[in-house]
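This report concerns only the one structure given below.
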Amino acid sequence: MSTTSSVTSSTSTTTSSSIASTSSLDFDEFIQLLATELKYQDPDDPVSGTEYVTQMAQISSLSALSTINSSLNNSSAFSMIGKEATYSTTDTSGNTVTGSGTVQSVTISGSNTYVNVGGTTVDLSAITKVADSSTTSTTTSST
């Protein structure tokens with residue numbers, strides 16, 4: 001009696017890209033890039049004009065999506081004001097620091113959104129939990 005075993009190997013490649021809003025490409029930079037590309041293109045195999053238009057449309061779409069993302073982040077940050085938030089960050093020594101408190105304010109600096117949680121300013125991405133403020137009331141009765 002013989003047993004045959006088959007081993008299947010699978011390799012997957014994941015490509016991930018992120019766009020930092022500080023490295024966005026505006027129209028003037030695109031034109032400079034286009035001029036440089038035209039200057040150094042292979043005359044035996046020129047790039048068609050429609051490819052350049054497609055690239056410009058992609059850049060415009062990317063820019064619009066980045067603006068929408070920033071607006072959504074800012075909107076969610078402003079909706080946290082007055083709520084209890086918990087955050088987790090890494091300090092300069094590499095230690096994880098967690099804290100919580102009431103969100104007091106929101107600061108937008110360039111493309112970054114910061115939230116003031118109980119007197120500590122943290123990046124919006126450091127917020128791990130948001131809940132309505134819990135109000136406790138104590139009632140006393142006299143007999």
Side-chain angles (χ1 to χ4, degrees), residues 4-143:
T4 306
S5 157
S6 173
V7 176
T8 304
S9 171
S10 172
T11 305
S12 68
T13 304
T14 303
T15 303
S16 149
S17 65
S18 65
I19 298 164
S21 55
T22 56
S23 65
S24 65
L25 185 68
D26 66 7
F27 184 74
D28 291 336
E29 292 169 332
F30 175 76
I31 295 298
Q32 289 176 348
L33 184 63
L34 175 64
T36 304
E37 193 171 334
L38 286 171
K39 181 178 178 181
Y40 293 108
Q41 77 174 335
D42 182 6
D44 294 332
D45 186 22
V47 179
S48 75
T50 56
E51 286 185 46
Y52 294 121
V53 173
T54 302
Q55 289 174 5
M56 186 61 189
Q58 289 172 341
I59 288 171
S60 296
S61 296
L62 210 51
S63 177
L65 287 173
S66 178
T67 301
I68 290 170
N69 185 38
S70 294
S71 296
L72 287 173
N73 281 341
N74 294 342
S75 177
S76 66
F78 286 122
S79 70
M80 290 181 199
I81 294 176
K83 295 186 178 180
E84 292 292 318
T86 303
Y87 61 88
S88 179
T89 63
T90 305
D91 66 8
T92 55
S93 302
N95 300 320
T96 300
V97 177
T98 58
S100 62
T102 302
V103 175
Q104 299 171 346
S105 64
V106 174
T107 303
I108 299 170
S109 176
S111 62
N112 298 320
T113 304
Y114 301 100
V115 181
N116 184 319
V117 180
T120 304
T121 302
V122 295
D123 191 83
L124 177 63
S125 63
I127 302 294
T128 57
K129 180 180 176 183
V130 178
D132 285 330
S133 292
S134 59
T135 56
T136 58
S137 61
T138 307
T139 57
T140 58
S141 62
S142 60
T143 49

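In this chain, residues are counted from 1 in sequence order.
One N or O on the side chain of Thr36 and one on the backbone of Gln32 form a donor-acceptor pair closer than 3.5 Å. In this structure, Ser63 contributes its side chain and Ile59 its backbone to no donor-acceptor pair below 3.5 Å.
The structure places CG of Asn112 at 6.0 Å from CG of Asp123, a figure rounded to the nearest 0.5 Å. The structure places CD1 of Ile68 at 13.0 Å from OG of Ser75, a figure rounded to the nearest 0.5 Å. Taken to the nearest 0.5 Å, the CE atom of Met80 stands 5.5 Å off from the CD1 atom of Ile127.
Under 3.5 Å, the side chains of Thr113 and Asn73 contain no donor-acceptor pair of N or O atoms.
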Requested in this report: Quick one: do Gln104 and Ile81 satisfy side-chain contact (heavy atoms from CB on, under 4.5 Å)? Show the steps, please.
Outcome: CA-CA 6 Å; Gln104 299 171 346; Ile81 294 176; over 6 Å; no
Report task. For side-chain contact (heavy atoms from CB on, under 4.5 Å), just list the numbers for Val115 and Phe78, CA-CA rounded to whole Å, side-chain angles, deciding distance to a tenth of an Å, and then say yes or no. Result -> CA-CA 9 Å; Val115 181; Phe78 286 122; over 6 Å; no
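At least one side-chain heavy atom of Ile108 sits less than 4.5 Å from a side-chain heavy atom of Asn74. Counting heavy atoms from C-beta outward, Thr89 and Thr96 have side chains that stay 4.5 Å or more apart.
The minimum heavy-atom distance linking Thr86 with Ser100 is given by the pair OG1-CB, 3.7 Å. Annotation for Ala85 and Val117: closest pair O-CG1, 3.7 Å, computed over non-hydrogen atoms.
Results of the side-chain contact (heavy atoms from CB on, under 4.5 Å) test with Tyr87 over Leu124, Val122, Val103 single out Val122 as the only residue that passes.
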